[in-house]
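First listed ligand is number 1; within each ligand, the first listed atom is number 1.
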Amino acid sequence: MEVRVLCFFLLILPCFVKTESNSPIYNVMDYGAHGDGHTDDTKAFMKAWEAACSSSSSSSPTMHVPSEMTFMIQPLYFRGECDPKQIDVEINGNIIAPKDPSDWTCHDGCREWIHFEHVDGLRVYGSGTINGQGQKWWDLNALKISNSNNVYLTSLTFKDNPRVHVDLQSSKSVFISNLSIDAPEDSPNTDGDDCISMVDGSSNIQISNIACGPGHGISVGSLGKHGAEDKVEDIHVSDVVFTGTTNGARIKTWQNTAVQVSNVIFREFLGTSKKETAVMLDCSEAAPCTDITLDNIYLRTTHGHNAKSVNNNAHGRTQGLVVPEIPLS
Ligand SMILES: *[C@@H]1O[C@H](CO)[C@@H](O)[C@H](O)[C@H]1NC(C)=O
């Protein structure tokens with residue numbers, strides 16, 4: 001019996017070992033990171049990324065940020081195109097921004113803290129925390145993903161980030177789930193920060209299982225600045241708990257005729273609203289919103305009173321219980 005078990009292990013084990021050794025791991029510690037919370041680890045992160053990005057291994061490389069350590073990093077620009085078809089970034093430790101950004105060197109005028117661009121096939125996940133430390137003088141988005149496809153972003157915690165926590169631009173097939181995004185209400189920087197924001201050129205975006213708040217909720221846009229044509233389509237947001245956010249789900253456009261909002265379903269919105277107006281469909285006369293569905297909405301004010309709705313130029317239908325009542329036709 002013992003021998004049989006041993007054989008079993010001997011046969012199976014080499015397979016796992018082989019898979020593991022084929023999947024190279026680029027640990028930031030091997031590239032000079034300190035993880036002590038105050039030494040600047042930016043260069044080590046860049047080197048680990050560059051090594052993963054140019055890996056010639058046939059299986060996907062992993063850039064690894066170990067747990068139980070804190071890494072202070074300046075704005076990081078993770079740029080593709082990468083050689084491997086897929087890159088994993090496993091963040092188990094805590095990433096913090098420097099307290100004093102006065103000597104930052106940024107590639108794009110410091111609009112993003114961590115920016116992935118031109119990456120096709122990216123998974124960012126882990127038990128770690130992305131913590132901006134709530135410095136109100138930063139005008140940065142915490143994590144930006146642009147011009148990238150097939151991106152998975154899961155399981156991370158975002159805390160006290162300066163502006164938008166997760167910003168998507170010109171990216172296709174992005175799957176975001178199981179994130180906890182929070183900025184305490186007493187943080188100095190809660191104005192202007194969306195949990196997740198999607199701007200021009202994003203399509204096939206799936207967002208689910210998110211805890212968001214306080215902050216500004218989840219938003220598409222603003223679209224159509226300066227009359228530009230922006231296309232955002234096939235966006236699915238589900239299973240989100242908004243706590244203390246100024247808005248829940250929002251589609252924002254500029255006041256011009258370049259942006260047409262249509263085929264939007266708001267389904268199963270349950271909760272309370274601090275503002276009396278809980279539902280606002282505010283479309284322009286020149287470009288009315290069409291094919292809007294409200295299905296099973298039940299929103300009251302935080303004081304337990306009836307909430308109100310506003311509808312300007314939105315057309316569509318209601319289904320199931322819709323409270324507050326919204327005339328849509
Ligand atoms: C969700 O994220 C938490 C925190 O990182 C993690 O512990 C948990 O395993 C994740 N759940 C799933 C289903 O991925």
Side-chain angles (χ1 to χ4, degrees), residues 16 19-20 23 25-29 33 35 37 41 45 48-49 52 59-73 76 78 86-97 113-116 119 121-134 141-145 148-162 164-168 171 173-185 187 193-198 204-215 217-218 235-245 248-249 268 271:
F16 286 121
T19 318
E20 292 248 317
S23 240
I25 292 178
Y26 299 90
N27 187 333
V28 292
M29 299 306 286
D41 286 329
F45 274 61
W49 168 261
S59 49
S60 58
T62 303
M63 173 178 161
H64 181 73
V65 179
S67 63
E68 287 168 31
M69 300 185 110
T70 300
F71 300 88
M72 198 271 276
I73 58 166
L76 278 171
F78 294 123
Q86 162 138 341
I87 292 199
D88 287 2
V89 177
E90 183 178 28
I91 301 172
N92 292 333
N94 299 315
I95 293 181
I96 61 168
W113 180 26
I114 302 170
H115 186 180
F116 291 94
V119 186
L122 172 70
R123 288 193 296 210
V124 185
Y125 57 89
S127 54
T129 300
I130 313 283
N131 187 343
Q133 307 210 92
N141 299 322
L143 178 73
K144 178 163 182 165
I145 296 166
S148 296
N149 303 324
N150 303 310
V151 178
Y152 289 79
L153 177 64
T154 57
S155 299
L156 294 164
T157 300
F158 289 79
K159 271 178 86 96
D160 296 354
N161 285 304
V164 173
H165 290 266
V166 179
D167 185 24
L168 299 180
S171 294
S173 301
V174 180
F175 304 87
I176 299 180
S177 70
N178 193 28
L179 300 185
S180 167
I181 304 177
D182 105 272
E185 208 139 22
S187 144
D193 57 343
D194 284 316
C195 284
I196 301 175
S197 148
M198 290 155 271
N204 188 21
I205 312 291
Q206 314 269 350
I207 296 173
S208 64
N209 194 10
I210 308 289
C212 162
I218 292 181
I235 313 273
H236 302 259
V237 179
S238 66
D239 297 299
V240 181
V241 177
F242 297 104
T243 310
T245 55
E268 308 271 353

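Less than 4.0 angstrom separates some heavy atom of Ser155 from each of these atoms of ligand 1: 1 (C), 2 (O), 4 (C), 5 (O), 10 (C), 14 (O).
The distance from the CG atom of Asp167 to the CH2 atom of Trp113 is 15.0 Å, given to the nearest 0.5 Å.
For atom 9 (O) of ligand 1, the nearest protein heavy atom is 4.0 Å or more away.
Looking at Ser155 and Asn178, their side chains do bring a donor and an acceptor atom within 3.5 Å of each other. Ser173 and Asn204 share a side-chain donor-acceptor pair at under 3.5 Å.
Polar contact check, Asn178 against ligand 1: a nitrogen or oxygen pair lies under 3.5 Å apart.
Around the OH atom of Tyr152, the shell of radius 6.0 Å holds no more than 12 heavy atoms that belong to other residues, nucleotides or ligands.
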